[in-house]
2 protein chains.
Amino acid sequence: MDSNANPQAGGVRFAAVSSIPMTAAPTAPAYTIGECARRSGFSMDTLRYYERVGLIDDVDRTPTGQRRFTEAHLEWLGTLKCLRDTGMPIEQMCRFAQLVRDGDATVPERIELLRTHREAVDERIADLDAKRDYISGKIDYYRGLE
Amino acid sequence: MDSNANPQAGGVRFAAVSSIPMTAAPTAPAYTIGECARRSGFSMDTLRYYERVGLIDDVDRTPTGQRRFTEAHLEWLGTLKCLRDTGMPIEQMCRFAQLVRDGDATVPERIELLRTHREAVDERIADLDAKRDYISGKIDYYRGLE
DNA sequence: CTAGGACTTGGAGTGGACTCCAACGCAAAC
DNA sequence: GTTTGCGTTGGAGTCCACTCCAAGTCCTAG
(Lines give C-alpha, C1' and ligand atoms only; values in the text may rest on other atoms or scores of the structure.)
Protein backbone atom coordinates (compact mmCIF):
# COMPACT_ATOMS: atom_id res chain seq x y z
CA MET A 1 0.00 0.00 0.00
CA ASP A 2 2.83 2.44 0.60
CA SER A 3 5.90 2.30 -1.56
CA ASN A 4 7.06 5.80 -1.12
CA ALA A 5 9.48 4.69 1.53
CA ASN A 6 12.59 5.41 -0.46
CA PRO A 7 15.17 6.07 2.23
CA GLN A 8 16.94 8.63 0.10
CA ALA A 9 20.05 9.98 1.73
CA GLY A 10 19.19 13.56 0.95
CA GLY A 11 16.41 13.86 3.48
CA VAL A 12 16.25 16.86 5.75
CA ARG A 13 18.28 16.13 8.85
CA PHE A 14 18.70 18.16 12.02
CA ALA A 15 20.37 17.78 15.40
CA ALA A 16 17.88 17.42 18.24
CA VAL A 17 16.02 14.17 18.50
CA SER A 18 13.06 13.82 20.77
CA SER A 19 10.83 16.82 20.41
CA ILE A 20 7.85 15.85 22.44
CA PRO A 21 8.32 14.69 26.01
CA MET A 22 7.36 11.08 25.71
CA THR A 23 7.03 9.50 29.13
CA ALA A 24 10.15 7.40 28.59
CA ALA A 25 9.35 4.27 26.54
CA PRO A 26 11.26 4.72 23.24
CA THR A 27 8.25 5.00 20.98
CA ALA A 28 8.70 6.21 17.42
CA PRO A 29 9.27 9.96 17.75
CA ALA A 30 6.30 12.16 17.03
CA TYR A 31 6.77 15.82 16.22
CA THR A 32 4.59 18.79 16.95
CA ILE A 33 3.80 21.01 14.02
CA GLY A 34 6.38 23.50 15.25
CA GLU A 35 9.11 20.90 15.40
CA CYS A 36 8.06 19.51 12.04
CA ALA A 37 8.22 23.00 10.57
CA ARG A 38 11.73 23.48 11.91
CA ARG A 39 12.85 20.14 10.58
CA SER A 40 11.17 20.26 7.20
CA GLY A 41 11.77 23.87 6.33
CA PHE A 42 8.08 24.50 5.71
CA SER A 43 6.17 26.96 7.86
CA MET A 44 3.49 25.69 10.20
CA ASP A 45 0.92 27.43 8.07
CA THR A 46 2.23 25.73 4.98
CA LEU A 47 2.08 22.35 6.71
CA ARG A 48 -1.55 22.93 7.67
CA TYR A 49 -2.27 24.12 4.16
CA TYR A 50 -0.64 21.05 2.64
CA GLU A 51 -2.67 18.82 4.88
CA ARG A 52 -5.85 20.62 3.90
CA VAL A 53 -5.24 20.23 0.17
CA GLY A 54 -4.32 16.60 0.58
CA LEU A 55 -0.56 16.71 0.19
CA ILE A 56 -0.02 15.25 3.66
CA ASP A 57 -1.95 12.31 4.96
CA ASP A 58 -2.68 10.46 8.14
CA VAL A 59 -1.57 13.09 10.56
CA ASP A 60 -2.41 11.77 14.01
CA ARG A 61 -3.92 14.01 16.66
CA THR A 62 -3.43 13.99 20.38
CA PRO A 63 -6.65 13.60 22.37
CA THR A 64 -6.83 17.39 22.44
CA GLY A 65 -6.50 17.76 18.70
CA GLN A 66 -2.86 18.66 18.22
CA ARG A 67 -1.05 17.25 15.22
CA ARG A 68 1.72 14.74 15.64
CA PHE A 69 4.01 14.21 12.67
CA THR A 70 6.24 11.20 12.19
CA GLU A 71 9.60 10.41 10.65
CA ALA A 72 7.71 9.15 7.61
CA HIS A 73 6.02 12.51 7.24
CA LEU A 74 9.37 14.24 7.34
CA GLU A 75 10.64 12.03 4.59
CA TRP A 76 7.59 12.70 2.47
CA LEU A 77 7.98 16.41 3.15
CA GLY A 78 11.53 16.16 1.84
CA THR A 79 10.12 14.83 -1.40
CA LEU A 80 7.49 17.55 -1.54
CA LYS A 81 10.13 20.19 -0.93
CA CYS A 82 12.17 18.85 -3.77
CA LEU A 83 9.23 18.82 -6.14
CA ARG A 84 8.04 22.24 -5.07
CA ASP A 85 11.48 23.81 -5.26
CA THR A 86 11.93 22.47 -8.75
CA GLY A 87 8.76 24.21 -9.79
CA MET A 88 6.12 21.54 -9.67
CA PRO A 89 2.70 23.12 -9.11
CA ILE A 90 0.68 22.06 -6.08
CA GLU A 91 -1.93 20.45 -8.27
CA GLN A 92 0.57 18.08 -9.80
CA MET A 93 2.03 17.28 -6.42
CA CYS A 94 -1.49 16.37 -5.36
CA ARG A 95 -1.74 13.99 -8.26
CA PHE A 96 1.53 12.43 -7.20
CA ALA A 97 0.33 12.16 -3.62
CA GLN A 98 -2.82 10.46 -4.87
CA LEU A 99 -0.75 7.94 -6.80
CA VAL A 100 1.23 7.18 -3.66
CA ARG A 101 -2.01 6.71 -1.75
CA ASP A 102 -3.33 4.42 -4.45
CA GLY A 103 -0.63 1.87 -3.77
CA ASP A 104 1.97 -0.08 -5.62
CA ALA A 105 0.01 -0.50 -8.82
CA THR A 106 0.69 3.15 -9.58
CA VAL A 107 4.47 2.87 -9.51
CA PRO A 108 4.78 3.06 -13.30
CA GLU A 109 2.64 6.18 -13.35
CA ARG A 110 4.77 7.73 -10.65
CA ILE A 111 7.88 7.00 -12.66
CA GLU A 112 6.25 8.58 -15.68
CA LEU A 113 5.31 11.67 -13.73
CA LEU A 114 8.76 12.05 -12.23
CA ARG A 115 10.46 11.53 -15.58
CA THR A 116 8.34 14.18 -17.17
CA HIS A 117 9.09 16.49 -14.32
CA ARG A 118 12.80 15.79 -14.52
CA GLU A 119 12.71 16.74 -18.16
CA ALA A 120 11.10 20.03 -17.26
CA VAL A 121 13.82 20.58 -14.68
CA ASP A 122 16.49 19.80 -17.25
CA GLU A 123 15.00 22.36 -19.57
CA ARG A 124 14.85 24.90 -16.82
CA ILE A 125 18.49 24.30 -15.97
CA ALA A 126 19.55 24.61 -19.61
CA ASP A 127 17.61 27.83 -19.91
CA LEU A 128 19.16 29.23 -16.77
CA ASP A 129 22.61 28.26 -17.99
CA ALA A 130 22.07 30.08 -21.26
CA LYS A 131 20.71 33.14 -19.53
CA ARG A 132 23.53 33.12 -17.05
CA ASP A 133 25.86 33.39 -20.02
CA TYR A 134 23.87 36.31 -21.38
CA ILE A 135 24.24 38.07 -18.05
CA SER A 136 27.96 37.38 -18.04
CA GLY A 137 28.18 38.88 -21.52
CA LYS A 138 26.37 41.95 -20.29
CA ILE A 139 28.73 42.28 -17.34
CA ASP A 140 31.74 41.97 -19.64
CA TYR A 141 30.30 44.61 -21.91
CA TYR A 142 29.83 46.99 -19.01
CA ARG A 143 33.30 46.23 -17.72
CA GLY A 144 34.65 47.33 -21.08
CA LEU A 145 32.96 50.68 -20.54
CA GLU A 146 34.32 51.41 -17.09
CA MET B 1 23.46 58.88 -21.60
CA ASP B 2 22.59 55.43 -22.88
CA SER B 3 25.10 52.68 -22.54
CA ASN B 4 22.79 49.77 -22.57
CA ALA B 5 23.47 49.28 -26.26
CA ASN B 6 25.27 46.00 -25.87
CA PRO B 7 24.60 44.27 -29.18
CA GLN B 8 24.51 40.88 -27.60
CA ALA B 9 24.06 38.08 -30.07
CA GLY B 10 21.37 36.33 -28.08
CA GLY B 11 18.60 38.80 -28.83
CA VAL B 12 15.20 37.57 -29.86
CA ARG B 13 15.16 37.20 -33.59
CA PHE B 14 12.30 36.44 -35.94
CA ALA B 15 11.72 36.18 -39.66
CA ALA B 16 9.50 38.94 -41.02
CA VAL B 17 10.97 42.41 -41.20
CA SER B 18 8.77 45.40 -41.84
CA SER B 19 5.67 45.13 -39.73
CA ILE B 20 4.06 48.48 -40.27
CA PRO B 21 3.45 49.73 -43.78
CA MET B 22 5.90 52.58 -43.98
CA THR B 23 5.28 54.64 -47.10
CA ALA B 24 8.53 53.44 -48.65
CA ALA B 25 11.50 55.48 -47.40
CA PRO B 26 13.65 53.00 -45.42
CA THR B 27 13.19 54.57 -42.02
CA ALA B 28 14.25 52.66 -38.92
CA PRO B 29 11.55 50.03 -38.48
CA ALA B 30 8.89 50.76 -35.90
CA TYR B 31 6.76 47.98 -34.51
CA THR B 32 3.19 47.96 -33.35
CA ILE B 33 2.59 46.53 -29.93
CA GLY B 34 1.33 43.33 -31.53
CA GLU B 35 4.44 42.91 -33.60
CA CYS B 36 6.60 43.76 -30.64
CA ALA B 37 4.79 41.18 -28.58
CA ARG B 38 5.38 38.55 -31.24
CA ARG B 39 9.04 39.44 -31.50
CA SER B 40 9.79 39.83 -27.83
CA GLY B 41 7.80 36.96 -26.45
CA PHE B 42 5.94 39.22 -24.02
CA SER B 43 2.18 39.64 -24.31
CA MET B 44 0.78 43.01 -25.33
CA ASP B 45 -0.66 43.38 -21.87
CA THR B 46 2.69 42.72 -20.32
CA LEU B 47 4.33 45.29 -22.58
CA ARG B 48 1.79 47.91 -21.54
CA TYR B 49 2.25 46.90 -17.93
CA TYR B 50 6.02 47.18 -18.20
CA GLU B 51 5.68 50.60 -19.72
CA ARG B 52 3.38 51.68 -16.91
CA VAL B 53 5.73 50.56 -14.16
CA GLY B 54 8.67 52.20 -15.87
CA LEU B 55 10.48 49.20 -17.29
CA ILE B 56 10.14 50.49 -20.84
CA ASP B 57 10.85 54.07 -21.79
CA ASP B 58 10.38 56.49 -24.61
CA VAL B 59 7.74 54.61 -26.50
CA ASP B 60 6.68 56.87 -29.36
CA ARG B 61 3.05 57.24 -30.31
CA THR B 62 1.47 57.75 -33.70
CA PRO B 63 -0.70 60.86 -34.01
CA THR B 64 -3.63 58.67 -32.97
CA GLY B 65 -1.93 57.37 -29.88
CA GLN B 66 -0.71 53.94 -30.95
CA ARG B 67 2.62 52.76 -29.61
CA ARG B 68 5.55 52.30 -31.92
CA PHE B 69 8.42 50.22 -30.62
CA THR B 70 11.92 50.28 -32.08
CA GLU B 71 14.78 47.86 -32.56
CA ALA B 72 16.35 49.36 -29.43
CA HIS B 73 13.23 48.50 -27.44
CA LEU B 74 13.42 44.92 -28.66
CA GLU B 75 16.98 44.67 -27.50
CA TRP B 76 16.11 46.06 -24.11
CA LEU B 77 13.19 43.65 -23.92
CA GLY B 78 15.63 40.83 -24.56
CA THR B 79 17.54 41.93 -21.51
CA LEU B 80 14.37 42.21 -19.45
CA LYS B 81 13.30 38.75 -20.55
CA CYS B 82 16.61 37.35 -19.46
CA LEU B 83 16.42 39.01 -16.07
CA ARG B 84 12.80 38.07 -15.54
CA ASP B 85 13.28 34.48 -16.62
CA THR B 86 16.17 34.11 -14.23
CA GLY B 87 13.91 35.20 -11.42
CA MET B 88 14.68 38.87 -10.92
CA PRO B 89 11.67 40.60 -9.37
CA ILE B 90 10.08 43.49 -11.23
CA GLU B 91 11.16 45.91 -8.56
CA GLN B 92 14.82 45.13 -9.06
CA MET B 93 14.44 45.32 -12.82
CA CYS B 94 12.99 48.79 -12.25
CA ARG B 95 16.09 49.75 -10.31
CA PHE B 96 18.24 48.48 -13.15
CA ALA B 97 16.17 50.42 -15.67
CA GLN B 98 16.61 53.51 -13.57
CA LEU B 99 20.37 53.04 -13.56
CA VAL B 100 20.34 52.76 -17.33
CA ARG B 101 18.29 55.95 -17.53
CA ASP B 102 20.71 57.69 -15.22
CA GLY B 103 23.53 57.38 -17.69
CA ASP B 104 27.08 56.15 -17.86
CA ALA B 105 28.02 57.12 -14.35
CA THR B 106 25.96 54.21 -13.11
CA VAL B 107 27.85 51.55 -15.03
CA PRO B 108 29.67 50.28 -11.93
CA GLU B 109 26.39 49.97 -10.07
CA ARG B 110 24.89 48.08 -12.97
CA ILE B 111 27.82 45.69 -12.92
CA GLU B 112 27.34 45.22 -9.22
CA LEU B 113 23.66 44.52 -9.64
CA LEU B 114 24.22 42.04 -12.43
CA ARG B 115 26.99 40.28 -10.55
CA THR B 116 24.81 39.87 -7.52
CA HIS B 117 22.03 38.58 -9.70
CA ARG B 118 24.34 36.16 -11.47
CA GLU B 119 25.32 34.74 -8.12
CA ALA B 120 21.68 34.18 -7.28
CA VAL B 121 21.27 32.43 -10.62
CA ASP B 122 24.30 30.24 -9.91
CA GLU B 123 22.80 29.22 -6.61
CA ARG B 124 19.51 28.47 -8.24
CA ILE B 125 21.22 26.30 -10.83
CA ALA B 126 23.20 24.43 -8.18
CA ASP B 127 20.03 23.84 -6.21
CA LEU B 128 18.18 22.59 -9.26
CA ASP B 129 21.06 20.29 -10.11
CA ALA B 130 21.01 18.77 -6.65
CA LYS B 131 17.27 18.35 -6.70
CA ARG B 132 17.38 16.88 -10.15
CA ASP B 133 19.62 14.19 -8.71
CA TYR B 134 17.18 13.57 -5.90
CA ILE B 135 14.44 13.06 -8.46
CA SER B 136 16.62 10.69 -10.41
CA GLY B 137 17.24 8.74 -7.23
CA LYS B 138 13.55 8.50 -6.66
CA ILE B 139 12.97 7.30 -10.20
CA ASP B 140 15.64 4.63 -9.79
CA TYR B 141 14.08 3.54 -6.54
CA TYR B 142 10.70 3.16 -8.20
CA ARG B 143 12.24 1.34 -11.13
CA GLY B 144 13.63 -1.18 -8.67
CA LEU B 145 10.06 -1.82 -7.53
CA GLU B 146 8.51 -2.42 -10.90
C1' DC C 1 -1.57 28.19 40.10
C1' DT C 2 -0.50 31.15 36.66
C1' DA C 3 2.07 33.10 32.86
C1' DG C 4 3.59 32.56 28.41
C1' DG C 5 4.22 30.07 24.61
C1' DA C 6 2.55 26.47 21.33
C1' DC C 7 -1.37 24.78 19.25
C1' DT C 8 -6.39 24.65 17.18
C1' DT C 9 -10.00 26.19 13.54
C1' DG C 10 -12.29 28.56 9.56
C1' DG C 11 -11.83 32.01 6.87
C1' DA C 12 -9.94 36.26 5.13
C1' DG C 13 -5.96 38.69 3.24
C1' DT C 14 -1.47 39.19 0.70
C1' DG C 15 1.99 39.76 -3.00
C1' DG C 16 3.70 39.31 -7.35
C1' DA C 17 3.01 39.41 -11.94
C1' DC C 18 0.31 39.64 -14.85
C1' DT C 19 -4.42 39.28 -17.49
C1' DC C 20 -8.86 40.64 -18.63
C1' DC C 21 -12.63 43.89 -19.39
C1' DA C 22 -15.58 47.54 -21.35
C1' DA C 23 -16.11 50.93 -24.33
C1' DC C 24 -14.14 53.04 -27.50
C1' DG C 25 -11.04 54.77 -31.89
C1' DC C 26 -8.48 53.80 -36.03
C1' DA C 27 -7.06 50.86 -40.06
C1' DA C 28 -6.86 48.51 -44.34
C1' DA C 29 -8.89 44.83 -47.20
C1' DC C 30 -12.49 43.82 -50.14
C1' DG D 1 -17.90 52.08 -46.87
C1' DT D 2 -18.43 48.57 -43.80
C1' DT D 3 -16.56 44.69 -41.56
C1' DT D 4 -12.71 42.63 -39.17
C1' DG D 5 -9.31 43.35 -36.36
C1' DC D 6 -5.61 45.85 -34.05
C1' DG D 7 -5.05 49.42 -30.99
C1' DT D 8 -6.27 52.71 -26.83
C1' DT D 9 -7.39 53.63 -21.66
C1' DG D 10 -8.21 52.95 -16.61
C1' DG D 11 -9.31 49.93 -13.64
C1' DA D 12 -10.80 45.50 -11.99
C1' DG D 13 -9.93 40.58 -11.69
C1' DT D 14 -7.12 36.28 -11.54
C1' DC D 15 -3.92 32.89 -10.12
C1' DC D 16 -0.83 30.74 -7.14
C1' DA D 17 0.91 29.62 -2.98
C1' DC D 18 0.89 30.82 0.79
C1' DT D 19 0.25 33.86 5.17
C1' DC D 20 -2.24 36.04 8.60
C1' DC D 21 -6.02 36.64 11.85
C1' DA D 22 -9.22 36.07 15.76
C1' DA D 23 -10.74 33.69 19.33
C1' DG D 24 -10.08 30.09 21.69
C1' DT D 25 -7.58 25.76 24.03
C1' DC D 26 -3.61 23.37 25.80
C1' DC D 27 0.86 22.59 27.89
C1' DT D 28 4.73 23.08 30.95
C1' DA D 29 8.13 25.74 33.66
C1' DG D 30 8.56 28.17 37.72
Side-chain angles (χ1 to χ4, degrees), chain A residues 16 18-24 29-56 59-70 73 77 80-97 120 124, chain B residues 16 18-24 30-56 59-70 73 77 80-97 117 120 124:
Chain A
S18 190
S19 63
I20 263 284
M22 314 235 55
T23 2
Y31 307 107
T32 62
I33 194 169
E35 187 63 15
C36 185
R38 248 163 277 129
R39 284 168 186 259
S40 68
F42 290 111
S43 73
M44 297 193 312
D45 271 321
T46 299
L47 290 175
R48 291 193 199 99
Y49 168 65
Y50 278 6
E51 191 189 9
R52 239 187 303 152
V53 300
L55 276 178
I56 314 175
V59 183
D60 273 10
R61 305 299 162 109
T62 65
T64 62
Q66 291 192 207
R67 290 169 181 81
R68 287 298 119 97
F69 293 88
T70 67
H73 284 123
L77 286 168
L80 289 185
K81 200 159 191 17
C82 171
L83 296 179
R84 180 195 72 166
D85 289 353
T86 49
M88 185 182 285
I90 296 277
E91 201 182 319
Q92 206 177 340
M93 293 202 287
C94 286
R95 244 179 295 149
F96 185 65
R124 183 92 191 88
Chain B
S18 190
S19 63
I20 263 284
M22 316 236 51
T23 3
Y31 306 106
T32 62
I33 195 169
E35 187 63 15
C36 186
R38 247 161 279 128
R39 284 169 186 257
S40 68
F42 290 111
S43 73
M44 298 194 313
D45 271 320
T46 299
L47 290 174
R48 292 193 199 100
Y49 168 66
Y50 278 7
E51 191 189 10
R52 242 186 300 152
V53 300
L55 276 177
I56 313 174
V59 182
D60 274 10
R61 305 297 164 111
T62 64
T64 62
Q66 292 191 205
R67 290 169 182 80
R68 287 299 118 97
F69 293 88
T70 67
H73 284 121
L77 286 169
L80 289 185
K81 199 160 192 17
C82 171
L83 296 179
R84 180 194 72 165
D85 289 353
T86 50
M88 184 181 287
I90 295 277
E91 201 182 320
Q92 204 177 343
M93 293 201 288
C94 285
R95 244 180 294 149
F96 185 66
H117 180 59
R124 183 93 192 87

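Here is the naming used below: chain letters follow the sequence lines, and residue numbers restart at 1 for every chain.
Under the side-chain hydrogen bond (donor to acceptor under 3.5 Å, both in side chains) criterion, Asp45(A) pairs with Arg48(A), sequence neighbours left out. Scored by the salt bridge (charged side-chain N to carboxylate O under 4.0 Å, His left out) test, Arg52(B) finds no partners at all (sequence neighbours excluded). Applying the salt bridge (charged side-chain N to carboxylate O under 4.0 Å, His left out) test to Arg84(B) and every residue at least two apart in sequence or in another chain returns nothing. Scored by the ring-ring contact (aromatic ring centres under 6.0 Å, His included) test, Phe42(B) finds Tyr50(B) as partners (sequence neighbours excluded). Partners of Arg124(A) by side-chain contact (heavy atoms from CB on, under 4.5 Å), not counting sequence neighbours, listed by chain and number: Asp127(A), Leu128(A), Leu128(B).
In this structure, Arg67(A) and Thr32(A) have side chains that are not in contact, with every pair of non-hydrogen atoms separated by 4.5 Å or more.
Regarding Glu35(B), its CD atom lies at a distance of 17 Å from the P atom of dA27(C), rounded to whole Å. Spacing between atom NZ of Lys81(B) and atom C1' of dC18(C) amounts to 13 Å, rounded to whole angstrom units. The distance from atom CD1 of Ile56(A) to atom P of dC18(D) is 11 Å, rounded to the nearest whole Å. Between the C1' atom of dC27(D) and the CD1 atom of Ile33(A) lies a distance of 16 Å, rounded to the nearest Å. When the P atom of dT8(C) is taken as reference, atom CG of Leu47(A) falls 10 Å away, rounded to whole Å. Going from atom OH of Tyr31(B) over to atom P of dC6(D) covers 19 Å, rounded to whole Å.
Counting non-hydrogen atoms under 4.0 angstrom, Phe42(B) reaches nothing in the nucleic acid.
Contact between the side-chain N/O atoms of Arg38(B) and the OP1/OP2 oxygens of dC6(D) is not found at any separation under 4.0 Å. When the side-chain nitrogen and oxygen atoms of Arg67(A) are compared with OP1 and OP2 of dC7(C), none of them lie within a distance under 4.0 Å. Of the side-chain N and O atoms in Arg61(B), one or more sit less than 4.0 angstrom from OP1 or OP2 of dT9(D).
The structure places CE of Met44(A) at 12.0 Å from CD of Glu35(A), a figure rounded to the nearest 0.5 Å.
Pairs passing the side-chain hydrogen bond (donor to acceptor under 3.5 Å, both in side chains) check and including a residue from residues 85-94 of chain B, sequence neighbours excluded, read Lys131(A)-Asp85(B), Thr86(B)-His117(B).
Closest approach of Met93(A) and Leu80(A) over heavy atoms only: SD-O, 3.8 Å.
Listed nucleotides dG7(D), dC18(D), dT9(C) differ in distance to Tyr50(A); the shortest reach to its side chain belongs to dC18(D).
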Output one line per pair: protein atom, nucleotide atom from nucleotides 19-25 of chain D, and distance, for all N/O pairs under 3.5 Å.
| from | atom 1 | to | atom 2 | distance (Å) |
| --- | --- | --- | --- | --- |
| dC20(D) | N4 | Asp45(A) | OD1 | 3.4 |

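Residues from residues 82-92 of chain A lying near DNA chain D, meaning a heavy-atom separation below 4.0 Å, are Arg84(A), Pro89(A), Ile90(A) in numerical order.
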